[in-house]
Amino acid sequence: MKEIFLAKEGEIALKGLNKKTFENVLMKNIRYALSEYEGVNVHRAQSVIYIQVADESRYNAAYDRLTKVFGINALCRAALCEKDFDVIKTAAVDYIRGKTAGVRTFKVEAKRADKKFPLDSPAISRELGGYILEQIPHLSVDVHKPDLTVNIEIREEHCYIHTGNVQAAGGLPVGTSGYALGLLSGGIDSPVALYMIAKRGVKTATVHFEAPPYTSERAKLKVISLAQKIAAYNGGMRFFCVPFTEIQEKLRDGLSAVGEDGYFTIIMRRLMLSIAERIAEKEGFDALITGESIGQVASQTMGALTCTNVCEIPVFRPLIGMDKSEIVKISERIDTFETSSLPYEDCCTVFTPKHPRTHPKRDIAEKLQADINFGEMIEAAVKNTEIIHIKAES
Ligand code: ATP
Ligand code: MG
């Protein structure tokens, strides 16, 4: 049976004069998400986007991809048939037969957008309801609280049969809200932070700090695999990998020499943000993203966040007011949790001080950093940054 996906827009509908621009980006993103498949047809009519894929064996995979396209609020998988009532009856029964396990009651809801169709909506519901009762005898009708609703939509070109919408990715089409560079570690939080900002229509790239040989190749591959999962929502992205070993060693030794090891993580974070900001300026990103949340660890207390507030460009911290359990829930939903939980080391944890400062002072952090004098090391780190092109996980 031929299937079609109907995508319903969400927030775009509120966009007034700009609506067309948002819709065009959404159409482009849908085509990109399905670009590996042959015979894809995408068109829009009255705020519904109709998406067809020629190869039936790709329906499930294509549907999965569409659930990750921001800007689509609800998705519906419908059977498509000719506008002939006998054809519709047979197609409807075929379509719902596989969906009736555990289902006892149903109702038919008909919508006749094409007024030239000979039966009106109540007649379609009545006639088709009777036919379904005959063909699938274990079902009975319940018009108030049915287990299954069979929707029949008679539109201009075809009849669509479906059993309702499912909630899709929501948000705004990626590419309609500017560019941001997300600091991606291998942890649970930062992939969720990037996902949340991408959801608001921001095209994101990632920057990762590595410290070989303290951090392994496997740790880097883990972060790349997280980036691939985010790319499924984001439409492919660049991954900037910054060599951080020398800077970290110099910081460790410099602080140890003056007995201030407790400032290690704070100053490391300041350096990360400064380097990320330099990359953002060079590559045309308007903002940074981190996965920080107030009080989650010593380097995210109010005092620590004040000390690490070193950027001129905005730093978005979408998780700032969220509990860990809320963040974990999202990471499970977007399928990053398992990968994030792999036990590989991050450069942050390599030199973690025994007693990190929980009430650090900004002026002290600034002075310690200036005394160690990272000078040209920051420029060198930017210059030696490796750029990898990440494709969506398929
Ligand atoms: P996450 O789960 O995202 O690693 P976390 O709770 O472990 O967060 P920290 O390790 O303190 O928190 O890191 C805070 C933020 O700094 C991270 O959310 C991330 O944005 C950034 N960050 C940490 N380590 C790295 C790294 N190696 N490369 C890039 N960004 C990093
Ligand atoms: Mg971390």
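Remember, it's 1-based here, ligands and their atoms both numbered in the order they're listed.
Judged by distance alone, the side chains of T301 and T358 never bring a donor and an acceptor atom under 3.5 Å apart.
Comparing heavy-atom distances from atom 9 (P) of ligand 1 across K220, R317, R269, H208 singles out R269 as nearest. Remark: among candidates E292, K324, Q296, the nearest residue to atom 15 (C) of ligand 1 is E292, based on non-hydrogen atoms.
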Is there a ring-ring contact (aromatic ring centres under 6.0 Å, His included) between F70 and Y195? Walk through the geometry before answering.
CA-CA 10 Å; F70 291 127; Y195 159 84; 5.6 Å; yes

Between R357 and E260, is a salt bridge (charged side-chain N to carboxylate O under 4.0 Å, His left out) present by the stated rule, with each step listed?
CA-CA 9 Å; R357 288 292 175 117; E260 286 287 5; 3.3 Å; yes

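Looking at every heavy atom in both residues, N73 comes nearest to G170 through OD1-CA, 3.8 Å.
Only backbone heavy atoms of L184 (N, CA, C or O) come within less than 4.0 Å of ligand 1; its side chain stays farther off. For S190, heavy-atom contacts with ligand 1 shorter than 4.0 Å involve the backbone as well as the side chain. Contacts between Q300 and ligand 1, counted as non-hydrogen atom pairs separated by less than 4.0 Å, involve the side chain only.
Proximity to G187 (heavy-atom distance under 4.0 Å) selects the following atoms of ligand 1: 1 (P), 2 (O), 4 (O). The S299 neighbourhood of ligand 1 comprises atoms 11 (O), with distances under 4.0 Å to a heavy atom of that residue. Under a 4.0 Å criterion applied to the non-hydrogen atoms of D189, ligand 1 contributes the atoms 1 (P), 2 (O), 3 (O), 5 (P), 6 (O), 8 (O). Per-residue contacts place I188 under 4.0 angstrom from the following atoms of ligand 1 (heavy atoms of the residue considered): 2 (O).
Taken to the nearest 0.5 Å, the CZ atom of R317 stands 5.5 Å off from the CG atom of L305. To the nearest 0.5 Å, the span separating OG on S185 from CE on M272 amounts to 8.0 Å.
The distance criterion of under 3.5 Å between nitrogen or oxygen atoms is not met by P191 with respect to ligand 1. When only interatomic distances are considered, the shortest N/O to N/O separation between M272 and ligand 1 does not fall below 3.5 Å. Below 3.5 Å of separation, one finds no N or O of T290 facing any N or O of ligand 1. The N/O atoms of I289, backbone and side chain alike, include none that comes under 3.5 Å of an N/O atom in ligand 1. Not one N or O of V207 is nearer than 3.5 Å to an N or O of ligand 1, by distance alone.
Annotation: cation-pi geometry not satisfied between R77 and Y59 (NZ/CZ under 6.0 angstrom from ring centroid, within 45° of ring axis).
The side-chain hydrogen bond (donor to acceptor under 3.5 Å, both in side chains) analysis of residues 366-379, with sequence neighbours excluded, yields the pairs R270-Q369, R278-E379, R362-E366, K367-D371.
Residues forming a side-chain hydrogen bond (donor to acceptor under 3.5 Å, both in side chains) with K89 (at least two apart in sequence, or on another chain): none.
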